[in-house]
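Working notes, beginning with the structure itself.
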Amino acid sequence: MTNSIHKGGRDASRRTVAEQVDELQAETGEHHVAVTFTLNGVTQTVVLPSRTLASDAIRHHLRRTGTHVGCEHGVCGACTVLLDGKPVRSCLVLAASLEGRSVTTVEGLVEPDGTLHPVQEAFVDCHGLQCGFCTPGFVTTIAAFLEENPSPTHEEATDAIAGNLCRCTGYQNIRAAVLRAAEIKRERSGGSPLGPDSEAARASLDAKVRGATAPVGGKAGRA
């Protein structure tokens with residue numbers, strides 16, 4: 001399925017993409033481009049100003065608001081999406097550069113039948129979020145990390161989340177979620193859930209109280 005959307009979200013189904021581009025450029029005096037890419041498995045065509053960032057195209061033009069925008073400088077990681085399977089800061093990428101590529105947001109990680117991605121399930125199990133603003137960026141980052149390293153150690157899990165900022169949790173539950181997600185992935189693939197640091201992961205899970213907001217072990221703010 002292909003959706004054609006242009007600035008302002010008005011229905012453009014009766015006009016060609018080229019006509020939309022010409023009309024918007026005449027109306028605004030600003031150069032526009034048409035970009036076609038796959039978003040969460042659906043082909044999308046969006047017409048927008050050529051200076052538009054991928055984060056704004058995803059959130060404001062295509063209404064996938066699970067992608068959050070924080071610092072807008074590529075530092076906090078809240079806007080992280082998967083571009084051809086690799087995590088990128090969408091606030092640093094021009095929407096025009098998405099042409100012909102595949103983007104997965106946090107919404108796209110859910111299975112068609114509604115089954116949560118292992119990382120999403122692990123965040124629930126480990127209470128890895130509080131306000132939730134940074135969570136989508138963590139989830140997409142960790143999902144990509146586990147594709148490359150399905151059995152991370154405690155230290156590797158810490159390194160995996162080091163580039164994303166959280167102001168609430170103290171990171172301990174997020175790190176536990178990395179290890180728990182690896183277990184879930186192994187279980188779903190029919191393998192043993194045990195990994196190199198399974199005892200540490202289990203200890204973190206056993207030590208926490210579901211629904212509590214305090215971090216699991218350690219001091220808040222330290223990973």
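Note that the numbering runs from 1 along the sequence shown for the chain.
Across all non-hydrogen atoms, the minimal contact from P150 to A182 is O-CB, 3.4 Å. Contact detail for S55 and V69: the closest heavy-atom pair is CB-CG2, 3.9 Å. Across all non-hydrogen atoms, the minimal contact from L48 to A57 is CD2-CB, 3.6 Å. When all heavy atoms of G77 and N164 are compared, the pair lying nearest together is O-ND2, 3.4 Å. Taking all atoms of both residues into account, the shortest heavy-atom contact from L98 to A54 is CD1-CB, 4.0 Å. When all heavy atoms of A181 and L146 are compared, the closest pair comes out as CB-CD1, 3.6 Å.
Interatomic distance, I58 CD1 to Q44 CD, rounded to the nearest 0.5 Å: 10.5 Å. Here the CZ-CD1 distance, from F123 to I174, works out to 5.0 Å after rounding to the nearest 0.5 Å. The structure places SG of C126 at 12.0 Å from CD of Q172, a figure rounded to the nearest 0.5 Å. Taking OG of S151 as the reference point, atom CD of E183 lies at 10.0 Å (rounded to 0.5 Å). Here T80 contributes atom OG1 and F138 contributes atom CZ; the two are 9.0 Å apart, rounded to the nearest 0.5 Å. In this structure, L92 CG and L53 CG are separated by 8.0 Å, a value rounded to the nearest 0.5 Å.
Using a distance-only test at 3.5 Å, with no hydrogens or angles considered, a donor-acceptor pair links the side chain of T140 to the main chain of P136. No donor-acceptor distance shorter than 3.5 angstrom exists from the side chain of E121 to the backbone of P118, with no hydrogens or angles considered. Looking only at distances, no side-chain donor or acceptor of T38 sits under 3.5 Å from a matching main-chain atom of G41. Of the possible donor and acceptor atoms, one in the side chain of T28 sits under 3.5 Å from a partner among the backbone N and O of L24. One N or O on the side chain of S90 and one on the backbone of C79 form a donor-acceptor pair closer than 3.5 Å. Although no hydrogens or angles enter the test, the distance criterion places no donor-acceptor pair under 3.5 Å between the side chain of T115 and the main chain of E111. In this structure, the side chain of Q130 engages the main chain of C168 through a donor-acceptor pair within 3.5 Å. At distances below 3.5 Å, not a single donor-acceptor pair connects side-chain atoms of R89 with backbone N or O atoms of V81.
Salt bridge E148/K86: present, at least one basic N to carboxylate O contact under 4.0 Å. Using a 4.0 Å cut-off between charged nitrogen and carboxylate oxygen, E187 and R180 count as a salt-bridge pair. Salt-bridge formation is detected for the pair E147/K185: a Lys NZ or Arg NE/NH1/NH2 atom is positioned less than 4.0 Å from an Asp or Glu carboxylate oxygen.
Looking only at atom types and distance, the side chain of T67 has no donor-acceptor partner in the side chain of R59 under 3.5 Å away.
Checked options H32, H31, E30; the residue passing with R51 is E30 (criterion: side-chain hydrogen bond (donor to acceptor under 3.5 Å, both in side chains)). The residue from R101, R64, E107 that alone fulfils the side chain to side chain contact (heavy atoms under 4.5 Å, CB included) condition with L39 is R64.
Counting non-hydrogen atoms of neighbouring residues, nucleotides and ligands closer than 6.0 angstrom, the CD atom of E72 reaches no more than 12 such neighbours.
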Would V110 and H117 count as a side-chain contact (heavy atoms from CB on, under 4.5 Å) if you check the C-alpha gap in whole Å, the side-chain angles of each, and the deciding distance to 0.1 Å? CA-CA 5 Å; V110 179; H117 187 278; over 6 Å; no
Stepwise side-chain contact (heavy atoms from CB on, under 4.5 Å) test for E19 and D22: CA-CA 5 Å; E19 288 173 337; D22 290 342; 5.7 Å; no
Would N40 and T104 count as a side-chain hydrogen bond (donor to acceptor under 3.5 Å, both in side chains) if you check the C-alpha gap in whole Å, the side-chain angles of each, and the deciding distance to 0.1 Å? CA-CA 5 Å; N40 297 334; T104 303; 4.6 Å; no
Might you work through the side-chain contact (heavy atoms from CB on, under 4.5 Å) test for T52 and V46, ending with a clear yes or no? CA-CA 11 Å; T52 303; V46 59; over 6 Å; no
Could you check V103 against L82 for side-chain contact (heavy atoms from CB on, under 4.5 Å), going step by step and ending with a plain yes or no? CA-CA 6 Å; V103 175; L82 303 182; over 6 Å; no
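At a threshold of 4.5 Å between non-hydrogen side-chain atoms, the residues H127 and T169 do not count as touching. A 4.5 Å side-chain heavy-atom check between T45 and V35 finds every atom pair outside the cut-off. Using a 4.5 Å heavy-atom cutoff, the side chains of T43 and T36 are in contact. The side-chain heavy atoms of V21 and V33, taken from C-beta on, include no pair separated by under 4.5 Å. Considering only heavy atoms from C-beta on, L83 stays 4.5 Å or farther from F37 through its side chain.
Sequence neighbours left out, the pairs with a member in residues 63-96 that pass ring-ring contact (aromatic ring centres under 6.0 Å, His included) are H68-F133.
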